[in-house]
Structure formats: C-alpha cells, structure tokens
Amino acid sequence: MERDRILDLLEEAGTHVSGEQLSRGLGVSRSAVWKQIRSLRELGYRISGSPRSGYLYEGAPDLLLPREIRKHLQGGTFGREIIHLSTTASTNQTALELARQGYPEGTVVVAEEQTAGRGRWQRSWHSPAGCGIWLSLILRPPLAPVEVPQITLVVGASCARAIEAVTGLRPGIKWPNDLVWEGKKLCGILVEMEAATEQVKHLVAGIGINVNQEEEDFPPELRETAASLRMALGCRVERALLAGILLATLEQDYREFLCRGLDSSRETWLAYQITLGHRVRVQLRGRELTGEATGLDAGGNLILRLDDGTLQKVSSGEIILCRGVPAS
Ligand code: BTN
C-alpha cells in the first residue's frame with residue numbers, strides 16, 4: 001500500500017524527507033504524497049512537516065494497526081493477514097465467520113473495542129476501546145476435538161512468555177490458562193472450534209489481554225478480580241509491540257506443539273503455573289470438588305487429590321485457589 005511505503009521511507013530515513021524525494025521514491029505525484037500524508041495524520045501518525053525541510057516521522061498512534069504489529073513478526077504465517085477493526089461484537093465471532101469462509105490458518109482478527117466480548121462459561125468479556133488486546137487467531141490443526149484443550153494450554157504458556165518478554169512482568173497461569181497477577185486476572189483465553197466427528201475443521205484462539213486500563217476503567221464489579229499490565233507495572237505498554245511478539249511466540253510454540261505434542265509447552269506452563277501444589281476448589285457444571293491440585297496429565301487435564309485420597313481427573317472447570325490453606 002502506498003501509505004505503508006511512505007511510512008517505510010520516512011521511518012528508514014530517520015530525518016526530514018522532502019515531498020519531492022517521496023514522490024520520486026514512490027513514482028507518484030507530490031499531491032498524491034500530500035493526500036497520503038494527510039490520511040496518515042488522520043489515522044494518528046505523527047508526521048511533522050514544513051515546506052522548507054520536508055516531512056519528519058515522529059511516531060505511530062496507539063492502535064493495533066497491522067503494519068505496526070507486523071514489524072515484530074518473523075516472516076511466518078501468523079499475522080500474514082491481519083484484519084483490524086475499530087469495533088466489533090466479538091473478534092472470536094468474526095474470526096469464526098472468516099474461518100467458515102475459508103480464510104487460512106494464521107489469519108488474525110484484532111479490534112480496538114468489542115461490544116459483546118465472549119468469555120468462558122458464557123460470561124462476557126469487558127473490552128473497552130483502545131485499552132487492551134482483543135485478538136483472535138484462526139488455526140486449522142490436524143487434531144481430534146478431544147485434543148483441543150491442549151492447545152488452550154499452549155496458548156496460555158505462549159501468552160505468559162510474550163508478556164514477560166515485553167514487560168518483564170511474570171504472570172502466573174491458573175489452570176487451564178488464566179493469566180493472573182497478584183490474584184487478579186490479566187488475560188483470558190477462549191478457544192472455540194468447529195469440528196466433524198473425528199477431526200477439527202478449524203478453531204479460533206481468542207485472547208484478551210488487559211493492557212492499559214486504569215482501575216476505574218473496569219466496571220465496579222470487576223475491580224476486585226481484574227487488573228491490567230499498566231496497573232501492575234505503573235506504566236503504559238505498547239499494544240502493537242505486545243501483539244506482534246505474542247503472535248511470533250504463538251507461532252513458534254504452536255509449530256513445536258504440532259511436532260512434539262503437549263510436552264513441548266509443558267515446561268513453560270509448569271514454570272508459570274500457580275495451581276499445582278495448592279488446595280483448590282473446582283467449579284464444574286452444577287457441582288464443586290475440593291482437593292489438592294497435584295499434577296497435569298499428558299492430555300493437559302488437572303489431577304486433583306480429593307480429601308478421601310482418591311485421584312480425580314478434571315478436564316474443564318473454574319479453579320478457585322484456597323488462599324492461606326496449604327496443601328497437606
Ligand atoms: C475468559 O473467560 O477468560 C476468556 C476471555 C477471552 C476474551 C477474548 S477477547 C478476544 C476474543 N474475542 C472474544 O469475544 N473473546 C476472546
């Protein structure tokens with residue numbers, strides 16, 4: 001796109017570039033250059049300019065623009081196609097529609113705002129404009145539907161790795177894949193799939209990261225349980241950078257997973273997890289179990305030692321850590 005080429009030229013130069021140089025470099029008229037500069041400024045790019053010295057690139061807007069995300073990718077397939085929306089009901093919903101239309105693996109839908117963000121267990125996900133990363137990735141893994149929960153663990157481990165790489169903050173993973181800081185949720189993952197009996201047709205890995213919210217940006221009912229990276233770090237985080245590193249990390253971990261299975265992410269997951277070794281309550285549909293979380297089996301299920309000593313495999317559920325009650 002001409003606009004991207006103008007940005008490339010300005011950024012590479014790192015100094016003033018005249019309209020004449022831009023128009024020669026791009027093979028377009030000076031008025032075409034001016035129109036593109038105007039539309040870039042409207043998008044929020046900071047480009048100063050004077051008739052004498054030319055244009056100077058001063059920075060990108062705080063938006064999840066495909067170009068700004070792609071700068072951090074390493075030439076794989078994740079993020080080759082990025083659909084950036086100012087607002088949408090749910091990026092998962094949009095990505096599922098695109099997957100049905102045949103969009104390839106690696107396609108990303110990212111939105112500044114979601115008006116009906118979806119969480120696990122039919123909950124909603126608060127997704128205000130310009131504060132977070134609300135992103136969905138289309139995957140077409142050669143897996144059976146029963147193996148899909150393993151992907152959610154891989155995605156959780158990748159998110160933790162990417163957040164630590166970009167911010168230095170080490171989130172905890174609460175089984176299966178909630179990322180938390182001081183007990184408050186920073187990031188949630190919702191994997192939704194469409195499958196034939198034996199084989200996944202496609203799935204969408206939806207990732208919501210609370211990035212730059214302040215406490216008052218959360219509705220009162222979430223303030224006890226949710227936090228953002230900004231609240232944890234005391235400074236803003238560049239969302240496009242984090243989204244780019246996240247996609248690059250995810251691609252690496254996903255490829256490893258397809259080659260080696262869950263073992264590829266097990267160590268990372270274990271290094272960040274905060275569930276094992278704790279006494280927990282597990283809320284299942286309509287009932288609750290209490291016991292010690294003792295391990296993760298080969299399929300990513302949680303192993304719980306119940307109070308009568310029996311071991312119980314848990315494949316899904318909401319975990320509540322029983323704080324202050326050591327596992328005995
Ligand atoms: C959870 O309940 O922990 C999962 C939350 C997942 C939220 C993300 S935001 C991007 C994607 N689109 C959605 O509608 N949901 C997921």
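When a ligand or atom number is given, it counts from 1 through the structure's own listing order. Position 1 is the first residue of the sequence; numbering continues from there. Fair warning: this is a prediction, and the values are worked out from it, not measured in the lab.
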Task: Hydrophobic cluster (4.5 angstrom, side-chain heavy atoms) - remaining members for Trp134 - done: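 Trp134 clusters with Trp125.
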Open item on the list: At less than 4.0 angstrom from any atom of ligand 1, which residues have a non-hydrogen atom? List them by chain and residue number.
Closed with: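 Contacts of ligand 1 under 4.0 Å: Ser90, Thr91, Asn92, Gln114, Gly117, Arg118, Gly119, Arg120, Trp125, Trp134, Leu135, Ser136, Asp178, Lys185, Gly188, Ile189, Leu190, Gly206, Ile207, Gly208.
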Verify whether one side chain among [X] and [Y] offers a donor that lies under 3.5 Å from an acceptor in the other.
| X | Y | value |
| --- | --- | --- |
| Glu112 | His84 | yes |
| Glu251 | Thr77 | yes |
| Ser50 | Ser53 | yes |

Open item on the list: Checking Tyr254 now: which residues fulfil ring pair (Phe, Tyr, Trp, His ring centres under 6.0 Å) with it, not counting sequence neighbours?
Closed with: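 So Tyr254 forms a ring pair (Phe, Tyr, Trp, His ring centres under 6.0 Å) with Phe78.
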Task: Tyr45: partners by side chain to side chain donor-acceptor pair (under 3.5 Å), with sequence neighbours left out - done: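 Glu68.
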